[in-house]
Amino acid sequence: MTFLAVHDALFAAYGPQRWWPARTPFEVMVSAVLTQNTAWTNVEKAIANLHAADAMDAEIILHAPPPRVAAWIRPAGYFNVKAKRLRNFCAWYVERGGGKTLRRLDTAALRHELLSINGVGPETADDILLYAFHRPIFVIDAYTRRLFSRLRMAEGDESYDTLRGQIEASLHREARGKRELVPLFNEYHALIVRHGKDVCKPRPRCELCCLAARCPAA
DNA sequence: ACCCAGGGTCATA
DNA sequence: TATGACCATGGG
């Protein structure tokens, strides 16, 4: 079973996911921080509050009193921590000249800078790289580890970058010349999250059998 | 009432 | 390097 085949099975089952649901690349970045260990429906409420306050802007968030930012993003949970993280991110974003300037950095440099921000870890950085900057980075999350671990295509306890490197290398080989990597990675991560929400619980080890009509748990 | 959600940081050993 | 505590809302 190839990584490409797993993607195709998921795509056949769920169809296009249309990630990342956001109006602008900056909104992708903000929501990537807000969605840390948080249900997306809660992030949507926080995003709506920011728009209602006309505050979906790095300068505004950066210069607003932290308690006010916390109030805007309250539904997303961890609001004090995340207000701080959003502030750190916006300080970097403004300091580095915004999206226009950042867009010119190569992927490795951009990733290194994102990881230097307090509050931006590997998954959040990769969400931003893939969905805001359209770089060919495969996002690893808990669903990804669980899926490939159960399919015996990964050990499950690899380091974040090791697993990401292995999957990226495999998909490079399997998709070379036939598929664009960015759209592939984009859809793949979204499909894994979609699948992860309702993978059959009675027989979780089968994973992909849930996609078949004959799955006993379906 | 309990569990989880589209993680990351920090203190401790 | 490897655990554990902590952050906090909202839906099932």
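The basis for the numbers below is simple: all heavy atoms, side chains too, and nothing from hydrogens, waters or symmetry mates. A note on names: the letters A, B, ... follow the listed sequences, proteins ahead of strands, and every chain is numbered from 1.
Comparing the P positions of B/dG6 and C/dA2 gives a spacing of 27 Å, expressed to the nearest Å. Annotation: B/dA5 and C/dT3 have their C1' atoms spaced 22 Å apart (nearest Å). A distance of about 15 Å separates the P atoms of B/dC10 and C/dA8, rounded to the whole Å.
Here A/Tyr188 pairs with A/His7, A/Phe138 under the ring-ring contact (aromatic ring centres under 6.0 Å, His included) rule; sequence neighbours left out.
Heavy-atom minimum distance, A/Ile60 versus A/Asp54: CD1-O, 3.3 Å.
Protein atom CH2 of A/Trp20 is 10 Å distant from nucleotide atom P of B/dG6, rounded to whole Å. Atom-to-atom, CD of A/Glu44 to P of C/dG10 comes out at 14 Å; the value is rounded to the nearest Å. As a whole-Å value, the separation of A/Asp126 CG from B/dG7 C1' is 13 Å. At whole-Å resolution of the value, NZ in A/Lys197 and C1' in B/dC4 are 11 Å apart. The distance from atom OH of A/Tyr78 to atom P of B/dC4 is 12 Å, rounded to the nearest whole Å. A straight line from CG of A/Leu34 to C1' of B/dA5 spans 14 Å, rounded to a whole angstrom. Distance, A/Asp161 CG to C/dT1 P: 13 Å, rounded to whole Å. If you measure from atom NZ of A/Lys84 to atom P of C/dA8, you get 13 Å, rounded to the nearest angstrom.
Taking a 6.0 Å sphere around NE2 of A/His112, one finds it holds 12 or fewer heavy atoms contributed by other residues, nucleotides or ligands.
Checked against the 6.0 Å centroid threshold, A/Trp40 and A/Trp19 do not count as a close aromatic pair.
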- Pair A/Thr144-A/Asp141, side-chain hydrogen bond (donor to acceptor under 3.5 Å, both in side chains): steps then yes or no: CA-CA 5 Å; A/Thr144 307; A/Asp141 66 348; 2.5 Å; yes
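Applying the 5.5 angstrom centroid cut-off and the 30 degree plane-angle cut-off, the aromatic ring of A/Trp40 is not stacked upon the base of B/dA5.
Ring pair A/Phe89/A/Phe26 is tilted by interplanar angle, where 30° to 60° counts as tilted.
A 4.5 Å side-chain heavy-atom check between A/Trp20 and A/Leu130 finds every atom pair outside the cut-off.
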- If the sugar-phosphate is the primed atoms plus P, OP1 and OP2 and the base is the rest, what is the B/S/- string for nucleotides 8-13 of chain B, using protein heavy atoms under 4.0 Å? BSS---
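Between A/Lys45 and C/dG11 there is a side-chain N or O to OP1 or OP2 distance below 4.0 Å. Residue A/Tyr143 places at least one side-chain N or O under 4.0 Å from the OP1 or OP2 atom of B/dG6.
Using N1 to N3 plus N6-O4 or O6-N4 for Watson-Crick, or N1-O2 and O6-N3 for G-U wobble, each under 3.5 Å, B/dG8 pairs with C/dC6.
As judged by a 4.0 angstrom heavy-atom cut-off over every strand, A/Asp127 is placed among residues making no nucleic acid contact.
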